[in-house]
Protein chains: 2
Amino acid sequence: MKISEASQASGCHLETIRYYERIGLMPSPTRTGSGYRSYSEQDVERLRFITRGRDLGFSLDEIRSLMRLDQNGDLACEDVTRLAQQHLIDVQERIRDLQRVARELERTIRSCGGGVRAQCAILDALKHSPAPGEAA
Amino acid sequence: MKISEASQASGCHLETIRYYERIGLMPSPTRTGSGYRSYSEQDVERLRFITRGRDLGFSLDEIRSLMRLDQNGDLACEDVTRLAQQHLIDVQERIRDLQRVARELERTIRSCGGGVRAQCAILDALKHSPAPGEAA
DNA sequence: CTTGACTCTGTAGTCGCTACGGACTCTACG
DNA sequence: CGTAGAGTCCGTAGCGACTACAGAGTCAAG
């Protein structure tokens, strides 16, 4: 199938497919006589694999590793689990960071509610607060 | 003060200060006879303003807007609040996305716990799950 | 036979930095 | 006075993960 069909079938943006090929994440597909890329069902599965990995927040490098482990066959499971667990930890940390940010924003926005415009509490916070996250 | 001192005083990386100047987020500072940048206390405050904005996840463009609003004086408060609220919504959305990702990862990792290595549940999930987030 | 949709390649832009190379300046020590 | 080392200058390139574009070629339908 042609690249636009592979794109539709995999849910992966057309230009992104070419990008994955360029960086060696996807193999160079076979070509038609006139030079058009021709993808197999297996290629589409690989694209879906990558897309799902991205949806789960894995980096392209991590996905590369996962695919290598997948091809290795034996002993892969442990390594895969380790990679996934580390990734989960990273995600959880990012969540905590963002929650801290959200709390800080809420606090700041709330303090501005009054509407006395002589000085804006939000701008004030940006100017004078002791770096959010630092201190309690 | 020189750039390295301004860097220390503001907590903003030295090269980042030059970068902010290059993109017009910081004004061009005065220069010493030999061409060294010379920063005032006001400049440092501006740098801190930017850094705190970044810590709260605002983009440099949003920070640019905030600073413009700050200089406008009147009527700014409403606009500032709107900007901050929109940003809060974005942050909350990102948190939800990440939480979904974390749940999905936990589920997948858990299902791999057994350790029968004939086929890895994590890789399987990446291969066959109906795109996480889609469907319940 | 022409029109329009598709595909090709290569390159540049995005965001927010960070790092480098090679030249200059300044300070302290001998 | 000379020199070593630290600091600064500028311009450019790299990161990650795309996305967008220009200009050329290809293909199918009317």
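On a predicted model such as this, the values are computed, not experimentally measured, just so you know. In what follows, chains are A, B, ... by sequence order, proteins preceding strands, each numbered from 1.
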Reading DNA chain C from 5' onward, which residue's closest nucleotide shows up sooner: B:T32 or B:L60?
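Going by which nucleotide is closer to the 5' end, it is B:L60.
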By the salt bridge (Lys or Arg N to Asp or Glu O under 4.0 Å) test, which pairs, at least two apart or in different chains, include something from residues 20-33 of chain B?
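Counting only pairs at least two positions apart or across chains, the salt bridge (Lys or Arg N to Asp or Glu O under 4.0 Å) contacts touching residues 20-33 of chain B are B:E21-B:R31, B:E21-B:R37.
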Heavy atoms only, 4.0 Å cut-off, all strands: where does A:F58 land among base, sugar-phosphate and nothing?
nothing
Using a 4.0 Å cut-off on protein heavy atoms (strictly under), produce a 5'-to-3' string for nucleotides 1-10 of chain C with B for base contact, S for backbone-only sugar-phosphate contact, and - for none.
-----BSSB-
Check whether any side-chain N or O of B:T16 sits under 4.0 Å from OP1 or OP2 of C:dT18, and answer yes or no.
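Checking C:dT18 against B:T16, a side-chain N or O does come within under 4.0 Å of OP1 or OP2.
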Quick check on C:dC17: is either OP1 or OP2 less than 4.0 Å from any side-chain nitrogen or oxygen of B:Y20?
yes
Under 3.5 Å donor-acceptor, [X] side chain and [Y] backbone:
X	Y	answer
B:S10	B:A6	yes
B:Q71	B:R68	no
A:H87	A:L56	yes

Inspect the surroundings of CD in B:E41 and state if more than 12 heavy atoms from other residues, nucleotides or ligands are less than 6.0 Å away.
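Yes, CD of B:E41 has more than 12 neighbouring heavy atoms, counting only those of other groups under 6.0 Å.
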With clusters defined by side-chain heavy atoms of hydrophobic residues (ILVMFWY) lying less than 4.5 Å apart, directly or transitively, does A:M1 cluster with A:Y36?
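No, no single cluster joins them.
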Do B:I63 and B:I23 belong together in a cluster built from hydrophobic side chains that touch within less than 4.5 Å?
yes
Measure from [atom1] on [X] to [atom2] on [N] and round the result to the nearest Å.
X	N	atom1	atom2	result
A:E62	D:dG16	CD	C1'	12 Å
A:I23	D:dC18	CD1	P	8 Å
A:R54	D:dT19	CZ	C1'	14 Å
B:I17	C:dT18	CD1	C1'	14 Å
B:Y19	D:dA13	OH	P	16 Å
B:H13	D:dT8	NE2	P	12 Å

Can you pull out how bent the helix from C:dC1-D:dG30 to C:dG30-D:dC1 is, comparing the axes over its first five and last five pairs, to 10°?
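Answer rounded to 10°: the end axes differ by 20°.
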Is the closest side-chain donor-acceptor distance between A:Q85 and B:E106 under 3.5 Å?
no
Presence of salt bridge, A:D43 and A:R46, under 4.0 angstrom
no
